[in-house]
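One structure is given below, encoded as structure tokens.
In listed order, ligands and their atoms are each counted from 1.
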Amino acid sequence: MQKLSNYINGNLSAPQSNSYIDNYNPSTGKVYSLIPDSDAADVNIATAAATAAFPAWSATPAAKRSEILLKIAQLITENLDNLAIAESTDNGKPVWLAKRVDIPRAASNFHFYATAILHHASESHRMEEGFINYTLRQPVGVAGCISPWNLPLYLFSWKIAPALAAGNTVVSKPSEITPMTAYLLSELCIKAGLPPGVLNIVHGYGHKVGAAITSHPDIPLISFTGGTKTGAEIARTAAPMFKKLSLELGGKNPNIIFADCDFEEAIKTTLNSSFSNQGEICLCGSRILIEKPLYEKFRDELVKRTAKMKVGNPTDDSVKLGAIVSEQHMQKVLSYIELAQQEGGKILCGGKRKIVEGFEDGYYIEPTVIEGLPQNCRTNMEEIFGPVVTLQSFETEEEALQLANAIEFGLAGTIWTENVSKAHRVAAQLKSGIIWINCWLVRDLRTPFGGMKSSGVGREGGWEALRFFTEPKNVCVKY
Ligand code: TXE
């Protein structure tokens, strides 16, 4: 069985413990590879390598750093098919989705920051009294990057590309549930000629490797995407050490559908925002709020189309939903469907584990639509992170906003209306970091990305990420 390696100081190596964790293929429920069960000892070695590599990498001209990162982007593109299959095998998502979204986006992340760094300029402030200030934006040092399992290479590269472009070195940890494409990336980094120690990838559990990264005194900056509970734990560790912190956490995003929307567009996109990637995207809309006059028509059409969505073998191109990432996560999602019924919800379609012929042990769930629940129940307040959405109706704009904002999360939201004034009015009042009007998940990498409230702290994307991964220093000169 294939054994993955850590990537430390330019070498592919076994963990110090020499022990391994089973890696499951969620579409079959079978173990198919082994992941290093690394611990603090490996993180210490990786951090020492990253610390040693920092002076040379941060002094490398941006154009040279850019060249190497562009080479990595090119290698990702050349290996698109292999990487997409690997991502699907590890995560359960349809291969076509990984080919169309995950892997091209990973290449774009490197491409974007490799070129952005060439345009990264800093500010200067002249004072009338004969002084001039300029801001030096210097790389911070060793950046700790911890990423989740839902968009494995996409989110892993979203962190390490700007960190490296800005001149930091990195100690990173992909999710232990989906480590494969990060491992394949380490092979590509070697091919691309990334100097040893610049990027280190340590595989293993969050409570061992992740905790060792967040508490390491020589890692002054942490970028994390994952669950809100884990984010709170990381913040507790990092705060007394005064680390720079960027946290992208959970969501419970509303889709606000006004009666004057373009019905067909709203339905089509809502299907996507509900069930893309099996609903395992922090940006998925999981609470669909529909203006009363449209409620029944919208509900009936959504349910009709949801019931027709094909769930199954992720390598089948006609499949819309693949497998849920792990047995544990499948059980969590199913327990929320159970809870929704106890709370008085009515299942309009789906609601069960799906047994797929030939893949009987795989972790599949039927796309599920639920109605009849009040906003203040757990089903409508907590992140489920699976193919489950609830429907609620509202009568006024104020009520829509009140429902939309009545949660601890504030990551994203969509607004559907043909009334421009109303769209802007509602967008301004939604307490979320990202709003889409009459669309969903349209991503321009220049825009600020992140959430409010329990959805996170800080923004990444565009200049925001380059600002986060650098330390501003003001230099004041008398002339
Ligand atoms: O995430 P974890 P889990 C949400 C979603 C999901 C819930 C829990 O609701 O059901 O979080 O998922 C590492 N110190 N999202 O438990 O554990 C871990 O190894 C440092 C939303 O799988 O947060 C992995 O690499 N690191 C989300 C990463 O954190 C630790 C995507 C994320 O895993 C750690 C995923 C620790 N103590 C889940 N413990 C999104 N925002 O997109 C774990 N990790």
Side-chain angles (χ1 to χ4, degrees), residues 21 23-24 26 35-40 43 90-93 102 144-156 158-160 171-179 181-182 201-216 219 222-238 243 245-253 276-284 286 324-336 365 378-379 381-388 407-412 433-434 441 449-451 453-458 460:
I21 306 165
N23 188 24
Y24 286 82
I35 319 154
D37 182 7
S38 313
D39 55 31
V43 172
D90 228 14
N91 168 278
K93 68 180 71 210
D102 294 72
C145 299
I146 302 174
S147 58
W149 44 257
N150 56 332
L151 300 164
L153 191 62
Y154 176 133
L155 288 176
F156 188 63
W158 179 237
K159 300 181 178 308
I160 61 180
V171 174
S172 59
K173 190 195 97 61
S175 170
E176 67 276 19
I177 302 172
T178 54
T181 47
I201 304 176
V202 186
H203 292 276
Y205 290 119
H207 67 273
K208 289 188 184 175
V209 178
I213 291 175
T214 38
S215 61
H216 202 294
I219 302 182
I222 304 289
S223 169
F224 169 80
T225 300
T228 294
K229 253 171 86 179
T230 315
E233 194 175 327
I234 290 175
R236 270 196 297 276
T237 307
K243 296 191 179 207
L245 205 54
S246 167
L247 301 173
E248 203 269 282
L249 310 173
K252 185 77 179 174
N253 310 308
S276 279
N277 207 47
Q278 300 74 243
E280 296 166 336
I281 306 179
C282 52
L283 305 166
C284 278
S286 51
I324 301 294
V325 73
S326 66
E327 174 160 28
Q328 193 192 5
H329 191 57
M330 175 182 70
Q331 295 303 351
K332 175 185 156 179
V333 175
L334 290 172
S335 75
Y336 270 104
I365 296 182
R378 283 184 56 206
T379 309
M381 298 297 270
E382 297 176 13
E383 188 181 41
I384 300 176
F385 217 62
V388 180
I407 43 159
E408 65 160 308
F409 298 104
L411 188 56
I434 304 151
L441 202 48
F449 183 89
K453 303 196 271 183
S454 299
S455 291
V457 178
E460 295 188 16

Exercise for the section: Check whether any side-chain heavy atom of Glu327 sits under 4.5 Å from a side-chain heavy atom of Tyr24, and report yes or no. Expected result: no
Practice task
Could you grab the distance from atom NZ of Lys173 to atom CD1 of Ile213, nearest 0.5 Å is fine?
Solution key: 7.5 Å
Exercise for the section: Examine the side chains of Ser38 and Lys208 and answer whether a donor and an acceptor come within less than 3.5 Å of each other. Expected result: no
Do any nitrogen or oxygen atoms of ligand 1 lie under 3.5 Å from a protein nitrogen or oxygen, and which ones?
unit_1: ligand 1; atom_1: 9 (O); unit_2: Lys332; atom_2: NZ; d: 3.4
unit_1: ligand 1; atom_1: 9 (O); unit_2: Glu383; atom_2: OE1; d: 2.5
unit_1: ligand 1; atom_1: 10 (O); unit_2: Lys332; atom_2: NZ; d: 2.5
unit_1: ligand 1; atom_1: 17 (O); unit_2: Thr230; atom_2: OG1; d: 3.4
unit_1: ligand 1; atom_1: 19 (O); unit_2: Lys173; atom_2: NZ; d: 2.8
unit_1: ligand 1; atom_1: 19 (O); unit_2: Glu176; atom_2: OE1; d: 2.6
unit_1: ligand 1; atom_1: 19 (O); unit_2: Gly206; atom_2: N; d: 3.3
unit_1: ligand 1; atom_1: 22 (O); unit_2: Trp149; atom_2: NE1; d: 2.6
unit_1: ligand 1; atom_1: 23 (O); unit_2: Gly227; atom_2: N; d: 2.8
unit_1: ligand 1; atom_1: 23 (O); unit_2: Thr230; atom_2: OG1; d: 2.7
unit_1: ligand 1; atom_1: 25 (O); unit_2: Ser147; atom_2: O; d: 2.8
unit_1: ligand 1; atom_1: 25 (O); unit_2: Lys173; atom_2: NZ; d: 3.1
unit_1: ligand 1; atom_1: 37 (N); unit_2: Glu233; atom_2: OE2; d: 3.3
unit_1: ligand 1; atom_1: 41 (N); unit_2: Gly226; atom_2: O; d: 3.4
unit_1: ligand 1; atom_1: 41 (N); unit_2: Leu249; atom_2: O; d: 2.9
unit_1: ligand 1; atom_1: 42 (O); unit_2: Asn150; atom_2: ND2; d: 3.3

Fill in the blank from the handout: Result for side-chain contact (heavy atoms from CB on, under 4.5 Å) between Leu155 and one of Thr178, Ile160, Asp102, Asn150 points to Asn150
Completion exercise
Taking every heavy atom of Lys453 against every heavy atom of Glu408, the minimum-distance pair comes out as CB-O, 3.0 Å
Per-pair distances, 0.1 Å, donor-acceptor, side chain in residues 228-237, under 3.5 Å, sequence neighbours excluded:
unit_1: Thr228; atom_1: OG1; unit_2: Gly250; atom_2: N; d: 3.3
unit_1: Thr228; atom_1: OG1; unit_2: Ser454; atom_2: O; d: 3.2
unit_1: Thr237; atom_1: OG1; unit_2: Glu233; atom_2: O; d: 3.1

